[in-house]
Every structure is written in C-alpha cells, then in structure tokens.
Amino acid sequence: MSLIVQKFGGSSVSDAEGIKRVARRIIDTKSAGHDVVVVVSAMGDTTDELLDLAGQLTTKKAPAREMDMLLSAGERISMALLAMAIDGLGAKAASFTGSQAGMMTDAIHGKARVIEVSPKRVRRAIDRGFVAIVAGFQGMSKESRDITTMGRGGSDTTAVAMAAALGADVCEIYTDVDGIYTADPRVVPTARKIDTISSEEMLEMAASGAKILHLRCVEYARRFGVPLHVRSSFSTNEGTWVLPSPDDQIKIQEGEPLEQPIISGVAHDRSEAKVTVVGVPDIPGKAAHIFRVIAGAHANIDMIVQNVSRSDTGRTDISFTLPMVDGEAVKEALRSSQEEIGFQEISYNENVGKLSLIGAGMRSNPGVSFTFFEALHQAGVNVNMISTSEIRISIVTDADKLDDAVRAIHAAFDLDTDDEATVYGGTGR
Ligand code: ADP
Ligand code: ASP
Ligand code: MG
C-alpha cells in the first residue's frame, strides 16, 4: 500500500460532471488499496473571475490581505464539492483549508512561501480511512495568522509540499493535457509528449513560463526528492515523469553522437512586462540602487540589459522584464526614488512576450544559436532582448509575434510530430 498525493487543476473540476469524474478517479485509486491525499484548485476560471470582480471595485491596487481572503475562497468551494461528490459515491472524504492542513507560510500576500508544513489533521483523516482533500494555493502566515496565497498556479506547490511532509510515494499532477510536451500544445498542436524529463530541465521550462507546472513545485520536488507524474485527468494515458536526477533521463539511441545537444522544448510567457529606466547616470552603484529598490517591492525580475553609455551625456538605459502583476509596485517604488537615483524617466510595455529554448549541452554547441536566430529571422520576428544560460536561450519580442516565433523554433529544432496533441479542456486563460 502506498500514499499517493493527487492534484487536480481547475479545468479538471470546472463543473459538476468534472467533479464527479475526478471523484470516481480518486475512489478507484483508494479501492486499489492506496491512501489518497487530494489537492484541488478552484473550479475552471474562478480565480480569474474573482480577480476581475475585485478589479471592478477599486481603481488602485486592492489591499493584499483582502485579495488573498477573496482568492482562497475559490479552492474552498471546489474542495467541499469534491468531498460531497466522494461521499455521494459511498466513500469517506474530509476537506481542509490550507491552514487546517498545516500549510504555514511567510506573510507576503499573493506570493507567500512555505515555512512549515504540519499536516496532522490530514494524517489523522487518512489513518481513519478518509480521503483527505486539501485546498491548494493557500496557507496561513505564521506571523500574522492571516490567510495567504502562493501565486498563480500555486496548487502544484501545495501538492508537492503535502507529498514531502507526508512522505508520499508519488505526487500526481492531473491536468487537461496528457503530460509535458516539447511546447504548449495549445500553440503548437504538433508538439511531442515527453516521457521523462530531468527536474533541472523542467525547472528551466517552468522558469521560462511553461505553466504546466508551477516553478516552485519543481524546486520543492527536487529538494525533497518527490517523484512527479504529470498526466491528464480526462484519460488514463501514462503522462510525463519529472525525475529528480538528470542521469535517469539521458537516452541515447545507437549510432547517435554522444555529445549532440539535447533539446527539451520551447517555452513561452505572456505574463511579463518590459521596463526601461531611461537616462541612468553611468557611475558605479546606480544599478545596485535600482535593483535594491525593486527588491524592496518584492518583485522577481528576469532579463536585464544595460545599453551602451552615451558618451555625450554620461547616461545609460537599463531594461528588465518582470511579472506584470508586479508592474505597478515596481513603477511606484522607482518613481519614489527617482531623484536619489537620478534617472530621467521610466518606460513600461506590457505588449511583449518571452520565448525560451531549453536543452542540455546547448552552450557548447555553436550551431544552436545560429539555427535559433535564423529561424526567428525567417519568421520575421524582431528580437528586443536576449539572455542565455547553460541550458537555455531566451528572447523577448512583441506579443503578437510570439506564437509564430514558438512554432518557428519548434520546427527548426525538429521537434514536430505527425500526431496532434489532445487538449481536453480548459480555456488556456
Ligand atoms: P491546471 O489548471 O490543471 O493547473 P494549467 O492551465 O495551469 O492547468 O496548466 C496546463 C496547461 O499548461 C495546458 O493546458 C497547456 O496549455 C499549458 N502548457 C504550457 N506549456 C506546456 C507544455 N510544455 N506542455 C504541456 N502543457 C503546457
Ligand atoms: N486557483 C489558483 C490559480 O488559478 C491556483 C491554481 O490553480 O494552482 O492560479
Ligand atoms: Mg496550473
């Protein structure tokens, strides 16, 4: 008998039919003799709808504490309904909010991080033969005792945190596609399903915006050695395994050169904006000052580019990307330090998209960059920013060119298959 944590995303529980289907699936696992802990997301697009609703009530940024109180309600609804559906099918289930399940976090509303997980009530419920259902994405601040949320897509991280704390054998992430593909199948229908991927490559994919898994879920799973199985709740097909060790991953076909670059996939991200701090005095300490101000606003910035200094003015421009949700806070923080830093103005553009190619051994294969930029050129894609790492090349381009760019890069690296991937549900919102 093993302990399995199963996480069901919003599209898997978007209506009563979906909730019943998920309930049956959970009972099947339980009937096969396993203990089951379930983590559930809000139904369908509930979280977006709650955000839209809040947006209609306030012109400035809503109070972060109240926003978390609001958004955590979405998962409360689905967990209670799922428990009822399981009960209706004759099995025992009990639902728990994040705080009841012992998810203790820091106090940063909207992107709280896990500090401690003590799922005593969850353990007691499974010991008594219940299916324990935990609301994803939420916790409670250890300090203020206020309800917190962990950032969009955070239920994946709740699932892994529960799996690690309970010593589960596997954490299954059920979603609306059959697994992790070489690109988002909604953009590239000919994307190929990946059987196994190392957590290192999956980290890069998630960090580059592939929203199939929450970035922190992959980090957490790697740190605690939790095996992840990403699969569809609409089919019984084997999904994708995310393996903690990269050695388990490399499968070299006979006759293949041992050191050829292995491309895992293409990720894209529409959730970032580009900020340019214009006319920064080009003297030591100014970049540090800018990024200290940004860190104070709790924003995770991504690509950074500094332009060549203009010799006539002794000034330069510094551009970076950051999640759109942090845009207002960062602009405000920078403006309030404008005089001290001495820059001239801020320009802010949400109409951008980021594309990343991920794969091991790219840096030592010079042909990769050429193929990448040539494919973008052929597709008429203009590149605004570039950054690279050992296993990733990323660019920023105009948002309306992003899908074309993803398809062009996917084809240029021979990742296309003849089959069309199935997208079972969800609105892709
Ligand atoms: P859930 O509601 O189950 O958490 P999400 O919408 O967060 O589901 O994530 C699943 C979606 O991730 C898919 O429907 C797909 O559009 C998108 N996606 C992005 N990149 C990939 C990828 N590389 N492989 C599979 N799906 C991807
Ligand atoms: N409901 C939250 C969201 O939409 C959390 C999640 O689905 O993982 O982001
Ligand atoms: Mg998700």
Side-chain angles (χ1 to χ4, degrees), residues 6-14 18 22 39-52 67-68 70-79 98 110-112 134-139 148-161 172-194 197 201-202 204-218 230-234 239-240 242 263-271 323 325 354-358 402-403 406 410 415 421-429:
Q6 301 187 322
K7 179 258 169 178
F8 294 91
S11 50
S12 299
V13 291
S14 61
V22 164
V39 173
V40 72
S41 295
M43 293 171 71
D45 290 333
T46 301
T47 308
D48 288 293
E49 286 155 12
L50 292 173
L51 280 166
D52 290 348
M67 191 58 107
D68 276 358
L70 175 70
L71 296 187
S72 65
E75 271 71 12
R76 270 197 182 219
I77 295 171
S78 51
M79 72 172 188
K111 53 177 116 170
V134 178
F137 163 70
Q138 56 179 268
T148 54
T149 65
M150 299 156 65
R152 299 307 306 271
S155 298
D156 298 338
T157 300
T158 305
V160 172
E172 297 182 328
I173 306 284
Y174 285 90
T175 184
D176 53 13
V177 289
D178 274 321
I180 299 163
Y181 285 77
T182 49
D184 185 341
R186 280 179 211 271
V187 176
V188 186
T190 49
R192 188 160 31 86
K193 196 180 94 193
I194 301 168
I197 186 167
E201 282 161 294
M202 191 57 228
E204 289 280 351
M205 295 265 278
S208 306
K211 72 164 185 161
I212 182 78
L213 285 179
H214 194 226
L215 171 61
R216 282 160 47 196
C217 139
V218 187
V230 180
R231 56 194 309 192
S232 166
S233 72
F234 298 80
T240 302
V242 183
I263 304 294
S264 351
V266 187
H268 69 275
D269 194 347
R270 281 178 219 289
S271 65
V325 288
K354 187 174 74 172
L355 173 153
S356 304
L357 177 72
I358 291 119
L402 188 61
D403 287 356
V406 171
H410 197 266
L415 296 169
T422 312
V423 176
Y424 296 92
T427 57
R429 203 172 159 186

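Values reported hereafter were calculated over all heavy atoms of this structure, with side chains retained and with hydrogens, waters and symmetry mates removed. Just so you know, ligand 1 is whichever comes first in the structure, and atom 1 is the first atom listed for that ligand. On a predicted model such as this, the values are computed, not experimentally measured, just so you know.
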**Q.** Distance, nearest 0.5 Å, that separates NE2 of H410 from CG of L357
**A.** 10.0 Å
Q. Is E75 in polar range of ligand 2, meaning some N or O pair under 3.5 Å apart?
A. yes
**Q.** Closest protein heavy atom (residue, atom, distance) for atom 21 (C) of ligand 1
**A.** D184 CA, 3.7 Å
Q.
Looking at ligand 1, would G265 count as a contact under a 4.0 Å heavy-atom criterion?
A. no
**Q.** Test item, I180 contacting ligand 1 (heavy atom, 4.0 angstrom)
**A.** yes
Q. Would you say ligand 2 has an N or O under 3.5 Å from any N or O of G153?
A. yes
Q.
Using the side-chain contact (heavy atoms from CB on, under 4.5 Å) definition, which of the options T240, V39, V242, L213 pairs with I173?
A. L213
(Q) Suppose we measure from atom 10 (C) of ligand 1 to each protein heavy atom; which comes out shortest, and what is that distance? (A) T175 OG1, 3.5 Å
Q. Does the pair T47 and R152 meet the rule for a side-chain contact (heavy atoms from CB on, under 4.5 Å), with working shown?
A. CA-CA 9 Å; T47 308; R152 299 307 306 271; 3.7 Å; yes
Q) Among side-chain atoms of H268 and S356, is any donor-acceptor pair under 3.5 angstrom? A) no
Q. For atom 12 (O) of ligand 1, which candidate among I358, V13, I212 holds the nearest heavy atom?
A. I212
**Q.** The one among R186, K193, K211 that brings a heavy atom closest to atom 6 (O) of ligand 1
**A.** K211
Q.
Quick check: closest heavy atoms across F137 and S155, and the distance to 0.1 Å?
A. CB-OG, 3.5 Å
Q.
Given 3.5 Å as the limit, does a donor-acceptor pair link the side chain of D176 with the main chain of Y424, or not?
A. no
Q. How close does the nearest protein non-hydrogen atom get to atom 25 (C) of ligand 1, and which residue and atom is it?
A. G179 O, 3.4 Å
(Q) Less than 3.5 Å apart, any donor N or O on the side chain of S264 or E201 sitting next to an acceptor on the other? (A) yes
**Q.** Contact atoms of ligand 2, heavy-atom distance to S41 under 4.0 Å
**A.** 6 (C), 7 (O), 8 (O)
Q) Do side-chain atoms of T182 reach the backbone of G265 as a donor and acceptor pair under 3.5 angstrom? A) no
Q.
I need the contact type for A267 against ligand 1. Using non-hydrogen atoms and a strict under-4.0 Å cut-off, is it side chain, backbone, both or neither?
A. neither
Q: Examine the proximity of ligand 1 to K7 and report which part, side chain or backbone, both or neither, has a heavy atom under 4.0 Å away.
A: side chain
Q | Cationic N near anionic O, under 4.0 Å, R270 to D403 | A | yes
Q) Does T148 have any side-chain hydrogen bond (donor to acceptor under 3.5 Å, both in side chains) partners at least two apart in sequence or in another chain, and if so, which? A) T105
(Q) For G154, state whether at least one heavy atom is located under 4.0 Å from any atom of ligand 2. (A) yes
**Q.** Heavy atom of the protein closest to atom 11 (C) of ligand 1 (residue, atom name, distance)
**A.** D176 OD1, 4.0 Å
(Q) If the threshold is 4.0 Å, N to carboxylate O, is there a salt bridge linking K7 and D156? (A) yes
Q | Enclosure of R186 CZ (heavy-atom neighbours >12, cutoff 6.0 Å) | A | yes
Q. Do any heavy atoms of S41 fall under 4.0 Å from ligand 1?
A. no
Q: For R152, counting its heavy atoms only, list the atoms of ligand 2 lying under 4.0 Å from any of them.
A: 3 (C), 4 (O), 9 (O)
(Q) Give me the nearest non-hydrogen protein atom to atom 23 (N) of ligand 1 as residue plus atom name, then the distance to 0.1 Å. (A) Y181 O, 3.0 Å
Q) So is there a nitrogen or oxygen of S155 less than 3.5 Å from a nitrogen or oxygen in ligand 2? A) yes
Q.
Give me the residue, atom name and distance of the protein heavy atom closest to atom 2 (O) of ligand 1.
A. G10 N, 3.2 Å
